[in-house]
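Model, not experiment: these values are computed from the prediction. Residues: numbered from 1 along the sequence shown. For ligands, and for the atoms within them, numbers begin at 1 and follow the listed sequence. No hydrogens, no waters, no symmetry mates; every other heavy atom, side chains included, goes into these values.
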Amino acid sequence: MDDLKIAIGSDHAGYEYKEKIIDYLNARNIPYTDVGTHTKESCDYPEIARSVCERVISGQANRGILVCGTGIGMSIAANKVRGIRAALCGDTYSARASRAHNNANVLCLGERVIGEHLALDIVDVWLQTGFDGSRHKRRVDMIE
Ligand code: RB5
């Protein structure tokens, strides 16, 4: 996890998991930028998604993590940004495959859908898994 630079964000519905994930990143000395939100007051997830994705596309970060209530709004918004491959994951198998097969550069999670410990396991697997390349690269290139 040496060269990781994370951009992380949530709306109000994902705020608590964002803070837990930040605790996880701090414990492992993984650098990150927290684009907000910083309170539980209602806010609009598309703005947060754009902010994280812009950092990934510009190279300020190399991976993004987005949390909302379901993860769905964040993933829809993130995947509108050219070059973003956002994966909404609710299990560790998908998290691993999203990196190994799809080279996902943004992870989306739903705080109202999965438990906190599963969410942190998903983050752990997702950050540790590399892209397998070969035939998967050809397919990702087709998307790009
Ligand atoms: C907020 O109520 C909720 O709609 C949002 O967090 C997200 O789940 C949208 O997809």
Side-chain angles (χ1 to χ4, degrees), residues 1 3-132 136-144:
M1 297 204 262
D3 57 352
L4 288 172
K5 283 181 293 178
I6 309 296
I8 186 167
S10 76
D11 70 355
H12 54 289
Y15 173 75
E16 287 191 10
Y17 279 17
K18 174 172 70 69
E19 296 301 302
K20 299 284 182 190
I21 295 166
I22 285 173
D23 289 345
Y24 165 101
L25 298 173
N26 280 329
R28 287 156 187 80
N29 291 315
I30 298 171
Y32 64 87
T33 304
D34 177 5
V35 308
T37 187
H38 300 294
T39 72
K40 287 192 181 176
E41 206 172 307
S42 184
C43 65
D44 298 329
Y45 63 81
E47 292 179 352
I48 302 288
R50 185 180 58 191
S51 185
V52 161
C53 292
E54 281 175 352
R55 280 170 170 78
V56 172
I57 293 305
S58 70
Q60 290 169 272
N62 50 22
R63 305 264 198 102
I65 300 176
L66 289 166
V67 193
C68 66
T70 59
I72 295 171
M74 286 295 197
S75 62
I76 292 171
N79 277 313
K80 296 284 184 196
V81 178
R82 186 173 290 275
I84 291 297
R85 295 174 300 280
L88 170 57
C89 295
D91 63 273
T92 53
Y93 181 88
S94 298
R96 187 176 293 106
S98 80
R99 289 287 309 132
H101 293 195
N102 312 114
N103 201 13
N105 51 12
V106 171
L107 172 66
C108 300
L109 298 166
E111 178 170 323
R112 293 174 177 166
V113 182
I114 60 171
E116 173 189 325
H117 296 279
L118 175 56
L120 290 170
D121 271 358
I122 288 170
V123 169
D124 192 52
V125 164
W126 192 77
L127 291 180
Q128 293 199 51
T129 304
F131 180 43
D132 277 355
H136 301 299
K137 181 176 184 317
R138 183 179 72 246
R139 293 161 186 162
V140 170
D141 286 348
M142 290 170 82
I143 296 171
E144 296 307 312

Next on the checklist: Can you give me the closest heavy-atom contact between Trp126 and Ile65, atom names plus distance?
Outcome noted: CZ3-CG1, 4.3 Å

Item to check | salt bridge (charged side-chain N to carboxylate O under 4.0 Å, His left out) pairs, two or more places apart, involving residues 75-102 | outcome: Arg85-Glu144

Item to check | Qualifying salt bridge (charged side-chain N to carboxylate O under 4.0 Å, His left out) pairs with a residue from residues 62-74, counting only residues at least two apart or across chains | outcome: none

Item to check | Residues that His101 engages under ring pair (Phe, Tyr, Trp, His ring centres under 6.0 Å), provided they are two or more places apart | outcome: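 Once residues adjacent in sequence are excluded, the partners of His101 under the ring pair (Phe, Tyr, Trp, His ring centres under 6.0 Å) criterion are His136.
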
Item to check | Close side-chain approach of Asn102 to Ile143, heavy-atom, < 4.5 Å | outcome: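 Not in contact.
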
Find all protein N or O atoms under 3.5 angstrom from an N or O atom of ligand 1 and list the pairs with distances, or write 'none'.
residue, atom, partner, partner atom, Å
ligand 1, 2 (O), Arg112, NH1, 3.3
ligand 1, 6 (O), Asp11, OD2, 2.6
ligand 1, 6 (O), Gly69, N, 2.8
ligand 1, 8 (O), Gly69, N, 3.2
ligand 1, 8 (O), Thr70, N, 2.9
ligand 1, 8 (O), Thr70, OG1, 3.2
ligand 1, 10 (O), Thr70, OG1, 3.3
ligand 1, 10 (O), Gly73, N, 2.8

Next on the checklist: Whether the side chain of Asn105 engages the backbone of Gly83 through a donor-acceptor N/O pair (distance < 3.5 Å, no angle test) should be reported.
Outcome noted: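 Yes.
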
